[in-house]
2 protein chains.
Amino acid sequence: MTAIKESSTIQENRKNILEQCPVMYVMGKIGGFWKPIILFHLSTGSKRYSELKRAIPEVTEKMLIQHLKQLESDGLVVRIAKAVVPPHVTYELSEAGNQLSPVIDAMAEWAFQDMQRDYK
Amino acid sequence: MTAIKESSTIQENRKNILEQCPVMYVMGKIGGFWKPIILFHLSTGSKRYSELKRAIPEVTEKMLIQHLKQLESDGLVVRIAKAVVPPHVTYELSEAGNQLSPVIDAMAEWAFQDMQRDYK
DNA sequence: CAGCATCCGCAAGGATACTG
DNA sequence: CAGTATCCTTGCGGATGCTG
């Protein structure tokens with residue numbers, strides 16, 4: 001937590017903090033609004049693209065595919081495409097993604113507790 | 001996860017999903033880029049505003065105070081101001097904020113594991 | 001079915017300067 | 001010390017239409 005070196009740009013700063021702070025490292029990977037919910041849905045088993053779309057109708061296709069790609073390139077999600085016509089693509093959690101489940105679960109558990117508090 | 005009612009606006013949709021998906025409920029509260037790191041720093045004990053600023057030099061004052069306010073109004077953080085000159089303000093986790101620690105910890109733990117994986 | 005390309009508005013966020 | 005206020009840029013994210 002000490003000695004952040006003087007840096008010139010915000011990007012470098014952000015890079016530094018990402019390397020330095022474990023929490024931010026995580027946020028760099030699952031920080032997008034939709035990423036956790038995608039992971040949440042995939043945590044119950046692998047899903048096809050269209051299934052995800054139906055499961056999360058609020059997200060636009062652009063956002064969905066964009067986040068899926070990022071999750072994939074961040075090694076959290078595995079894309080499995082069967083070379084058939086019509087295309088058949090499924091997404092599932094990688095091992096790293098699976099190990100993230102405790103985080104998602106902890107979030108969910110906290111949410112239920114927090115919802116019951118009476119502050120509004 | 002079923003029967004999301006037809007809604008007109010994206011805002012309503014997002015509202016629905018926030019109410020419906022526990023994970024998104026959490027993201028609504030700690031989804032900002034800096035919020036988790038603020039909570040992370042506060043999880044080691046209450047801190048003064050200036051201490052937080054020094055601990056997270058990358059965040060601008062605007063973002064810091066903005067997120068602190070949101071965290072406060074979301075009941076995760078308690079602001080304690082001593083009416084002295086010069087001002088003395090400390091921030092600390094509320095009980096709800098404290099109960100969020102497992103999430104933060106799980107994130108941190110996952111981060112360390114993930115960093116050791118060899119994908120880049 | 002599973003995407004990609006393009007356009008575009010709007011709000012999140014950064015820099016800077018000022019104040020109780 | 002602990003903020004506010006203002007301006008301005010960036011890019012997230014929505015809508016629509018097209019493709020292998």
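Just so it is clear, the model here is predicted, and its values are computed rather than measured. Chain naming here is simple, since letters A, B, ... match the order of the sequence lines and numbering starts at 1 in each.
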Return the nearest nucleotide to the side chain of [X]; candidates are [options].
X	options	value
S50(B)	dC1(D), dG3(D), dC1(C)	dC1(D)
W34(B)	dG3(C), dG14(C), dA2(D)	dG14(C)
H67(B)	dG3(D), dG13(C), dG13(D)	dG13(C)

Give me the distances for all protein-to-nucleotides 4-9 of chain D N/O pairs that come in under 3.5 Å?
{"from": "dT4(D)", "atom 1": "OP1", "to": "K69(B)", "atom 2": "NZ", "distance (Å)": "3.0"}

Whole Å only: how far is the [atom1] atom of [X] from the [atom2] atom of [N]?
X	N	atom1	atom2	answer
I38(B)	dA2(D)	CD1	P	15 Å
E51(B)	dC1(D)	CD	P	11 Å
L52(A)	dC1(C)	CG	C1'	13 Å
L64(A)	dT16(D)	CG	C1'	17 Å
M63(A)	dA2(C)	CE	C1'	16 Å
R54(B)	dA2(D)	CZ	C1'	13 Å
E58(B)	dG14(C)	CD	P	11 Å
Q70(A)	dG3(C)	CD	C1'	16 Å

Co-members of the apolar cluster containing V84(B) [side chain, <4.5 Å]: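 Members alongside V84(B): none; it stands by itself.
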Check whether any side-chain N or O of [X] sits under 4.0 Å from OP1 or OP2 of [N], and answer yes or no.
X	N	answer
T60(B)	dG13(C)	no
Y91(B)	dC1(D)	no
R48(B)	dA2(D)	yes

Side chain to side chain donor-acceptor pair (under 3.5 Å) partners of Q113(B), counting only residues at least two apart: none
Taking only residues two or more places apart in sequence, or in another chain, which ones meet [X] in a side chain to side chain contact (heavy atoms under 4.5 Å, CB included)?
X	value
E95(A)	Q99(A)
L64(A)	I38(A), Y49(A), L52(A), K53(A), V59(A), L68(A)
E72(B)	R79(B)

I65(B) reachable from L76(B) in the ILVMFWY side-chain graph, under 4.5 Å edges: yes
5' precedence on DNA chain D between P87(A) and Q66(A) (nearest-nucleotide basis):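 Looking at the nearest nucleotide for each, Q66(A) comes out on the 5' side.
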Derivation of the side chain to side chain contact (heavy atoms under 4.5 Å, CB included) call for V103(B) and V26(B): CA-CA 10 Å; V103(B) 176; V26(B) 177; 5.6 Å; no
